[in-house]
Enquirer: 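Below is one structure. I have some questions about it.
Sequence positions, counted from 1, serve as the residue numbers for this chain.
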Amino acid sequence: MTDIAATDELFFTRAGLDKSRTQGIVEDALNGADDGELYLEYSQSESLVFDDGRLKSATFDTAQGFGLRAVAGETSGYSHASELSEDAIKRAAETVRAVHAGHGGKMAGAPAPTNQSLYIDDNPLGLTPFEDKVKLLADIDAYARSKDNRIHQVSASLAGEWQAIQIIRADGSRAADIRPLVRLNVSCIVGVGERMESGSYGTGGRETYALYLEPDTWKFAVDEALRQALVNLHSVAAPAGEMPVVLGPGWPAILLHEAIGHGLEGDFNRKKTSAFSELMGKRVASKGVTVVDDGTINDRRGSLSIDDEGTPTQRTVLIEDGILTGYMQDRMNGRLMGNPSTGNGRRQSYAHAPMPRMTNTIMENGEADPEEIIKSVDKGLYAVNFGGGQVDITSGKFVFSCTEAYRIEGGKIGAPVKGATLIGNGPDVLTRVSMIGNDMALDPGVGTCGKDGQGVPVGVGQPTTKIDELTVGGTEI
């Protein structure tokens, strides 16, 4: 209720909307629809970039607006505007009303209310003075340059966002959330002679800047970025061919997110365009593989107290001991598939309609010692960090580039390699998992997921995982 009171202040006191009249517009606009809502949003965001010893850019932005949606069967009508006024909402109502004209639907019930609160509602942008943020970036630059004389360039950035939303339904029910989000990034370029290599590290979460102002936090970020750059400076050509691949804990689960997670979102399965369509209850992975999507982890980048339709987030088991047990659902796709929403209805902003999206997607712990997993591989690849990748949802085929990887030779981690890519098929990869470590870790808080032109913050996690055979694209001749 605290968030509803705070967002009432933003939308009805400051913006000047009348609560009862706005409610009446929503009721009239959605009369005869199966579902829908008015989504109100106010957000502030900032970004500071420190590059080559100076503050290169500093931006601050304020945005507000609404999105009105009406759902009739499989059809969804959406209208939005950056103007928070009753006249603008009325104009939007005329647009979405056409979607369900003559439909005669019965409005779906509102999501269950929740007292779940997974993060503070303080505005991180205003709690830390601008001078302190600039000093943090300058300290990062100075510390990095003092660490190694091979450093040629240091770049550090700090970004923050504070988003307040309120969701109003035709039956008068309301839900609200206030969401902080911050992120710190450090990158280094090192060089010897004509060879130059880079490394980067980022961290963040739904909290204030306080944690990132602590020397232990930002020095660790610098040390990791420099370590990765120096590793790459000594890297050799990556091997190529079919071989065992061991994925490290934490961030390498981005492969799980992209190659498997998207295929378990409700819309792709309702439309039967996912490689996992019609496999519910069947084995899709090796025994021991359990994958969950959990939006309820405190302070995590991908967590939400409620999703963007007002449904409380939850821990959804997608694959249990190798068996497909669930999909991630928003309200519309869940209803059409005969299932409830799992709290995965997400949107980038008021200018976007919600769709089923991941929150924090995690492979759970196994029982293997990570050292034993490495020892089990005679010749293979140990992939620790990833950059960009591509995946085809329908076929499940993917390609991912490694930003930090090593040879495995004789059961030991060997030389770092450069230019390695992993090529495979998501559903097939899950069946080739033969060892799962007991060291599950979450990523440091940097993930952003793109889908249909929308980007939302997400998290991933996994333990050390052995895939018996995977195609590695390398540069070794």
Side-chain angles (χ1 to χ4, degrees), residues 3 26 30 33-41 66-80 96 99 107-114 116 118 163-171 173-179 206 257 261-271 274 292-296 300-316 318 326-361 448-459:
D3 286 348
V26 175
L30 301 183
D34 295 324
D35 205 352
E37 73 286 309
L38 175 66
Y39 178 92
L40 305 174
E41 178 187 356
F66 72 87
L68 181 62
R69 180 178 66 148
V71 178
E74 297 185 17
T75 304
S76 178
Y78 197 71
S79 184
H80 64 88
V96 302
V99 171
M107 180 60 60
T114 178
Q116 176 174 263
L118 304 175
Q163 180 193 46
I165 68 164
Q166 186 172 132
I167 298 162
I168 302 173
R169 296 183 53 79
D171 62 1
S173 62
R174 293 187 292 154
D177 198 16
I178 296 178
R179 304 163 176 171
R206 293 198 178 276
H257 167 104
H262 278 299
L264 298 178
E265 291 168 338
D267 50 353
F268 295 126
N269 287 280
R270 178 177 68 82
K271 298 171 185 176
S274 166
V292 303
D293 187 82
D294 190 349
T296 69
R300 296 300 302 178
R301 181 174 171 83
S303 295
L304 295 169
S305 297
I306 59 171
D307 72 2
D308 293 319
E309 298 177 307
T311 306
T313 57
Q314 64 183 47
R315 179 181 180 275
T316 302
L318 305 172
Y327 298 130
M328 290 165 280
Q329 300 285 12
D330 63 350
R331 286 175 62 87
M332 185 180 83
N333 287 282
R335 174 175 54 82
L336 293 171
M337 295 180 73
N339 298 308
S341 168
T342 55
N344 288 92
R346 305 189 63 187
R347 64 184 100 197
Q348 179 175 314
S349 74
Y350 68 86
H352 303 83
M355 67 179 85
R357 306 290 300 272
M358 285 171 273
T359 57
N360 303 299
T361 309
T448 298
C449 172
K451 177 180 175 181
D452 290 349
Q454 296 191 41
V456 296
V458 295

Enquirer: If I compare all heavy atoms of A110 with all of S173, which pair ends up nearest, and what's the gap?
Expert: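 That closest heavy-atom pairing would be CB-OG, 3.2 Å.
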Enquirer: Rounded to the nearest 0.5 Å, how far apart are CZ of R179 and CG of L118?
Expert: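 Reported value, rounded in 0.5 Å steps: 10.5 Å.
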Enquirer: Do R174 and Q166 pair up side chain to side chain, a donor and an acceptor below 3.5 Å, judged on atom types alone?
Expert: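 Yes, Q166 and R174 have a side-chain donor paired with an acceptor closer than 3.5 Å.
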Enquirer: Rounded to the nearest 0.5 Å, what separation is found between the CG atom of L68 and the OG atom of S79?
Expert: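 Between atom CG of L68 and atom OG of S79 there are 7.0 Å.
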Enquirer: Flag the pair E309 and R331 as a salt bridge only when some basic side-chain nitrogen lies within less than 4.0 angstrom of an acidic carboxylate oxygen.
Expert: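 No, E309 and R331 are not salt-bridged.
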Enquirer: How long is the gap from CD on E265 to CZ on R357, to the nearest 0.5 Å?
Expert: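 Spacing of CD (E265) from CZ (R357) equals 6.5 Å.
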Enquirer: What about the rings of H80 and H352, do their centers lie closer together than 6.0 Å?
Expert: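 Not under 6.0 Å, so no.
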Enquirer: For L30, run the side-chain contact (heavy atoms from CB on, under 4.5 Å) check against M107, R69, E37 and tell me which one passes.
Expert: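 Testing each of M107, R69, E37 against L30, the sole residue satisfying side-chain contact (heavy atoms from CB on, under 4.5 Å) is M107.
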Enquirer: Do T359 and R300 make a side-chain contact, defined as non-hydrogen atoms from C-beta onward lying under 4.5 Å apart?
Expert: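 T359 vs R300: side chains apart.
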Enquirer: Quick check for you: to the nearest 0.5 Å, what is the distance between T313 atom OG1 and I306 atom CD1?
Expert: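 Answer for the OG1-CD1 pair, T313 versus I306, is 9.0 Å.
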Enquirer: Assess, by modelled atom type and distance only, whether the side chains of S341 and R335 contain a donor and an acceptor separated by less than 3.5 Å.
Expert: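 Absent: no donor and acceptor within the cut-off.
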Enquirer: Drop me the distance from Y327's OH to N269's CG, to the nearest 0.5 angstrom.
Expert: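 So the gap between those two atoms works out to 4.0 Å.
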Enquirer: Shortest non-hydrogen contact from S303 to N360?
Expert: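 In terms of heavy atoms, the two residues are closest at OG-ND2, 2.9 Å.
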Enquirer: Give a yes-or-no answer on whether the side chains of D294 and T316 include a donor-acceptor pair shorter than 3.5 Å.
Expert: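 Judged by distance alone, the side chains do not pair up.
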Enquirer: Any ion pair linking D267 and K451 (charged N to carboxylate O, less than 4.0 Å)?
Expert: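 Yes, this pair counts.
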Enquirer: Search all heavy atoms of C449 against all heavy atoms of H257 and return the closest pair with its distance.
Expert: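 Closest approach of C449 to H257, heavy atoms only: SG-NE2, 3.3 Å.
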Enquirer: Under a 4.5 Å cut-off applied to non-hydrogen side-chain atoms, are E41 and S349 in contact?
Expert: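 When only atoms from C-beta onward are counted, S349 and E41 do touch, with a gap below 4.5 Å.
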Enquirer: Assess whether salt bridge (charged side-chain N to carboxylate O under 4.0 Å, His left out) is satisfied between R347 and D330, documenting all intermediate values.
Expert: CA-CA 11 Å; R347 64 184 100 197; D330 63 350; over 6 Å; no
Enquirer: Between D293 and N344, do the side chains contain an N or O donor and an N or O acceptor separated by less than 3.5 Å?
Expert: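 There is such a pair (donor and acceptor under 3.5 Å, judged by atom type) between the side chains of D293 and N344.
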Enquirer: Can you tell me how far CZ of R346 sits from CG of D307, rounded to the nearest 0.5 angstrom?
Expert: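 Reported value, rounded in 0.5 Å steps: 9.0 Å.
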Enquirer: Taking atom types as modelled and ignoring hydrogens, do the side chains of N333 and R270 form a donor-acceptor contact shorter than 3.5 angstrom?
Expert: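 Yes, a side-chain donor-acceptor pair sits under 3.5 Å.
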